[in-house]
Protein chains: 2
Amino acid sequence: MTETSVPRERLLEVAERLFSKHGYAAIKLRDVAQAAGLHHSSLYHHAPGGKAQLFADAMQRGLDRHARELRARLDADDGDLRAQLRAAAGWVLANPAGNHARMLTTDLPNLPPEVGERIAVQAWRGLVGALAGVLRDARDRGEIVLDDGDTWLVGGALLAALQALQTADARFAGPRPAAHQADRLLDVFLDGLRPR
Amino acid sequence: MTETSVPRERLLEVAERLFSKHGYAAIKLRDVAQAAGLHHSSLYHHAPGGKAQLFADAMQRGLDRHARELRARLDADDGDLRAQLRAAAGWVLANPAGNHARMLTTDLPNLPPEVGERIAVQAWRGLVGALAGVLRDARDRGEIVLDDGDTWLVGGALLAALQALQTADARFAGPRPAAHQADRLLDVFLDGLRPR
DNA sequence: GTCTATAATTAGATAGAC
DNA sequence: GTCTATCTAATTATAGAC
């Protein structure tokens, strides 16, 4: 049983960063190879299936790590929904290149359908599913009111809104730090816009 | 004063549809030309600056139309925030290829900085700004509570959440129609998750 | 595991006829 | 305004030496 190769790990890490930031079509194999300190022909040793397989392997590895990191943050603040959502927001804002909507709609169609489908499910379960889980727990504790059929809907909306905030931050955010805006966003989700 | 050329309009319409759906890097000039019924070399007559200019012209034209359509829907349901937001949701769900976050983060960096910046501002003003406007109006009518500095934040979150819903719909939505889920999402924005 | 060399194809772009 | 023809460079991929 061989250990996981170190160069392969570094290659996948580099590939994940580039593909996540710029998208599948924009990144060329030479870009990945140069960033990893390899000749582009060497990539075919690690990913015999070529660009599509390299992308799939890199994204699977990245999504797995993302899900673990998010889960860890959510579990660390157990018992209070607001603290959990704030932890989730912190995670999103700390991850520079997160654009899972683009991955789903624009990148995955470049892969064989079964592979793309598996990655889409992995992304959805690991990220939206984790948020849906804490929402369900809070509902069970009586903190919030939420139908079982809507936990994924609200979890997805939360993730999308936070990633949009992260995207917009550099260009359009006001003078206040992103973390403060995320807090304000959580206020809206928890208390609503209408006066109480 | 010449009238706007018809073939040019159709070309821009086709280009906007393809670029919006698949992104700048994935669409080749030959794809656009074929869909428009032209030889790819003919594109340089309409966009002498090549692919980047064709993309910029197409997106500017598309964003202008989007802003007008959204504005029309918002103005049609004047006087009630919920009806206005429902109209906005209907517009988002009716537009198959909307992924403005990807355009901002992944597509625009392929353009000259000034051009990309102008399009980014146009997108933000026309879409998020329109939503921020109806939020501000509702605030002034006393329907909701919202700081002036947060109208754009909440407008952006609304747009992102609705587009994410549209994205997720085909693959992960439950049995209920997207319009119903959009309604439920508006409930959360208006009333919050916490019990009242 | 990595490289050199090379093939095969694709893509953006230009010149010039009609 | 559109086409044919052509060019140049980039891109994915493979074969085989080390």
TODO: Would you please confirm or rule out a distance under 4.0 Å between OP1 or OP2 of D:dT2 and any side-chain N or O of B:His45?
DONE: no
Task: OP1 or OP2 of D:dG1 under 4.0 Å from side-chain N/O of B:Ser42 - done: no
- [ ] Ignoring hydrogens and angles, tell me if any N or O in the side chain of B:Asp31 forms a donor-acceptor pair with the backbone of B:Lys28 under 3.5 Å.
- [x] yes
Task: A:Asp150 side chain to A:Leu153 backbone, donor-acceptor under 3.5 Å - done: no
Rounded to whole Å, please give me the gap between [atom1] in [X] and [atom2] in [N].
X        : N      : atom1 : atom2 : value
A:Lys51  : D:dT12 : NZ    : P     : 5 Å
B:Asn110 : C:dA11 : CG    : C1'   : 14 Å
B:Leu29  : C:dA13 : CG    : P     : 6 Å
B:Tyr44  : C:dA11 : OH    : P     : 12 Å
B:Lys28  : D:dA10 : NZ    : P     : 14 Å
B:Arg30  : C:dT9  : CZ    : P     : 14 Å
B:Leu43  : C:dA13 : CG    : P     : 11 Å
A:His39  : D:dA17 : NE2   : P     : 17 Å

Task: Earlier contact from the 5' end, DNA chain C, for B:His40 and A:Arg10 - done: A:Arg10
Open item on the list: On DNA chain C, compare the nucleotides closest to B:Ile27 and A:Gly37; which residue's is nearer the 5' end?
Closed with: A:Gly37
Open item on the list: If you assign A:Pro48 and A:Asp31 each to the DNA chain D nucleotide with the nearest heavy atom, which residue ends up on the more 5' nucleotide?
Closed with: A:Asp31
Open item on the list: What I'd like to find out is whether the side chain of B:Phe55 reaches to under 4.5 Å of the side chain of B:Asn110, using heavy atoms alone.
Closed with: no
Open item on the list: Between the base of C:dT4 and the side chain of A:Ser41, is there a donor and acceptor pair under 3.5 angstrom?
Closed with: yes
TODO: Please determine, by modelled atom types, if B:Asp80 and B:Gln84 share a side-chain donor-acceptor pair under 3.5 angstrom.
DONE: no
Open item on the list: Please tell me whether A:His66 and A:Trp91 form a close aromatic pair, meaning their ring centres lie under 6.0 Å apart.
Closed with: yes
